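Read the structure below first, then the notes.
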Amino acid sequence: MKRLLSLAAFISLFTIAYSQEFHYGVFAGTNLNTMKIGNELYLCSDVDNCKKQMTVGFHGGAFAEYSFNKYLGVQAEFSYSQYGYRLKIDKEDSYALGEMGSIVTHITGKGGSRIDNINLSLLFKCYLFNNHVAIDLGVHPNWVLSARRQEEIITTVSLNDEVMNEEVIDTTFNLKKGSEFHPFNFSVVGGATYYINENIFLSARYIFGLKDIFMREVGYFTDDNKYYTEIKNQISKNRVVQIALGWRF
């Protein structure tokens, strides 16, 4: 009898869930990253010559969606995402040497970061136009799996248009959790989902990071002439546009 009652309860819950429009599915798409970053993340101290560029990354995952009625619902997501920033520098300085001519220093290069994340999002949904469109608003906590920075810089010194010296720096830094990047970050997210049919949908969202991701060690002297270091946050908040195509069952 207990087994029959348990089976009946399970079937009832299963039926109720599907009668209330329970869905699950998968999605994948592109991240367009324009991270908010401070001057200390630039390749040079002259910020005007360092241009921030959009970084393209991947994201994908799975979701479960529950509709309370034809107007409101909630959706939980588990996903992987690539965030980061990209910079480009092109700077030239000239120094006059009188009758000897002039020395020109030309710096070109690029740099950036890549951040691999696991995300666990919770979205509240408002359905419009007979459930063909949903407005999505929610929270987007994420855990950083790994982070790295890259720099490729070429410094060329010329005298009267003749190259005297050329230095090439090409480095990749794997950052350390807890001292160079925060392992946990928090964002809010908003956007819309268009349901092409019962199974296929297209979504567009904007992720607004509330916490800085990167950290750096800062040194200073105290009044008694002792030198100390401490870890401080860098201005580095996620600003991401996500576009995804998905399938729900």
Side-chain angles (χ1 to χ4, degrees), residues 23-38 41 51-67 72-88 112-129 131-150 175 181-214 234-249:
H23 297 282
Y24 62 94
V26 294
F27 59 90
T30 299
N31 289 336
L32 305 177
N33 304 281
T34 57
M35 178 180 282
K36 180 182 179 181
I37 54 179
L41 282 176
K51 307 301 181 184
K52 186 169 65 170
Q53 298 179 321
M54 182 176 294
T55 302
V56 178
F58 167 82
H59 79 276
F63 70 92
E65 176 188 354
Y66 181 81
S67 302
L72 297 175
V74 65
Q75 180 167 305
E77 296 179 355
F78 179 79
S79 63
Y80 163 81
S81 288
Q82 296 173 344
Y83 299 146
Y85 68 85
R86 190 160 59 99
L87 301 170
K88 184 178 181 181
S113 72
R114 172 173 162 172
I115 312 165
D116 297 313
N117 300 268
I118 290 295
N119 315 292
L120 185 62
S121 307
L122 181 64
L123 302 171
F124 294 95
K125 304 177 74 71
C126 178
Y127 301 105
L128 304 172
F129 306 111
N131 288 353
H132 287 296
V133 176
I135 303 299
D136 305 321
L137 295 172
V139 293
H140 184 78
N142 65 281
W143 290 263
V144 180
L145 299 176
S146 64
R148 66 181 181 181
R149 288 180 183 161
Q150 295 175 299
L175 303 184
F181 68 87
H182 290 286
F184 173 76
N185 289 278
F186 190 83
S187 305
V188 293
V189 59
T193 301
Y194 173 64
Y195 297 97
I196 300 172
N197 55 39
E198 291 184 359
N199 301 113
I200 303 173
F201 64 87
L202 181 67
S203 68
R205 298 173 185 168
Y206 183 72
I207 296 174
F208 188 87
L210 302 179
K211 292 185 62 179
D212 293 314
I213 295 173
F214 295 117
Q234 296 177 310
I235 299 175
S236 51
K237 295 181 174 65
N238 279 326
R239 301 289 187 265
V240 185
V241 174
Q242 283 190 338
I243 301 173
L245 186 65
W247 182 278
R248 70 173 183 171
F249 300 92

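The structure presented is a predicted model; accordingly, all values stated were derived computationally and were not measured.
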- Taking the six-membered ring of Tyr195, is the NZ or CZ of Arg248 close enough (under 6.0 Å from the centre) and on axis enough (within 45°)? yes
- Query: Do Arg86 and Gln53 have side-chain atoms, one donor and one acceptor, less than 3.5 Å apart?
  - Reply: yes
- CZ-CE distance between Phe214 and Met35, expressed to the nearest 0.5 angstrom: 5.0 Å
- Message: Check the orientation of His140 and Tyr83. Use parallel for under 30°, tilted for 30 to 60°, and perpendicular for over 60°.
- Response: tilted
- To the nearest 0.5 angstrom, please state how far the CD atom of Gln82 sits from the CZ atom of Phe58. 7.5 Å
- Item | Residue pair Tyr127 / Leu72, side-chain heavy-atom distance below 4.5 Å | no
- Message: One pair to check against side-chain contact (heavy atoms from CB on, under 4.5 Å): Val189 and Asp136. What are the steps and the verdict?
- Response: CA-CA 8 Å; Val189 59; Asp136 305 321; over 6 Å; no
- Item | CZ (Phe186) with more than 12 external heavy atoms under 6.0 Å | yes
- Task: Taking all heavy atoms of Tyr85 and all of Thr55, pick out the closest pair and write down the distance.
- Result: C-OG1, 3.3 Å
- Task: Test Ser81 against every option in Asp116, Asn117, Asn119 by the side-chain hydrogen bond (donor to acceptor under 3.5 Å, both in side chains) rule and name the one that passes.
- Result: Asn119
- Message: Contact between Ile37 and Leu87 at the side-chain level, heavy atoms closer than 4.5 Å - yes or no?
- Response: yes
- Query: Is the shortest heavy-atom distance from the side chain of Leu175 to the side chain of Arg149 under 4.5 Å?
  - Reply: yes
- Task: Report the C-alpha separation of Phe27 and Ser79 in whole Å, then their side-chain angles, then the decisive distance to 0.1 Å, and conclude whether the side-chain contact (heavy atoms from CB on, under 4.5 Å) test is met.
- Result: CA-CA 9 Å; Phe27 59 90; Ser79 63; 3.9 Å; yes
- Note on the structure: Tightest non-hydrogen contact, residues Leu245 and Phe201, listed as CD1-O, 3.3 Å
- Nearest-0.5 Å distance, OG of residue Ser236 to CG of residue Asp212: 4.5 Å
- Message: Surrounding CZ of Phe129 (heavy atoms of other residues, nucleotides or ligands, distance under 6.0 Å), is the total greater than 12?
- Response: no
- Item | Heavy-atom pair of closest approach, residues Asn33 and Gly57 | ND2-N, 3.9 Å
- Query: Under 6.0 Å from the NZ atom of Lys211, do we count more than 12 heavy atoms belonging to anything else shown?
  - Reply: yes
- Could you walk me through whether Phe78 and Ile118 pass the side-chain contact (heavy atoms from CB on, under 4.5 Å) check? CA-CA 8 Å; Phe78 179 79; Ile118 290 295; 3.5 Å; yes
- Message: Do Ile235 and Lys36 have side chains that approach each other closer than 4.5 Å (heavy atoms only, starting at C-beta)?
- Response: yes
- Message: So, taking the atom named CG in Asn199 and the one named CZ in Phe249, what distance separates them when rounded to the nearest 0.5 Å?
- Response: 8.0 Å
- Tell me, with the steps shown, if Asn31 and Gln242 meet side-chain contact (heavy atoms from CB on, under 4.5 Å). CA-CA 5 Å; Asn31 289 336; Gln242 283 190 338; 2.9 Å; yes
- Query: Is a side-chain donor-acceptor pair under 3.5 Å present for Ser187 with Asn238?
  - Reply: no
- CZ/Arg205 to CD1/Ile243 distance, rounded to the nearest 0.5 angstrom? 12.0 Å
- Would Arg239 count as a cation-pi partner of Phe208, with NZ or CZ less than 6.0 Å from the six-membered ring centre and within 45° of the ring normal? yes
- Task: Mind checking the NZ-CG spacing from Lys125 to Asn131? Nearest 0.5 Å is all I need.
- Result: 10.5 Å
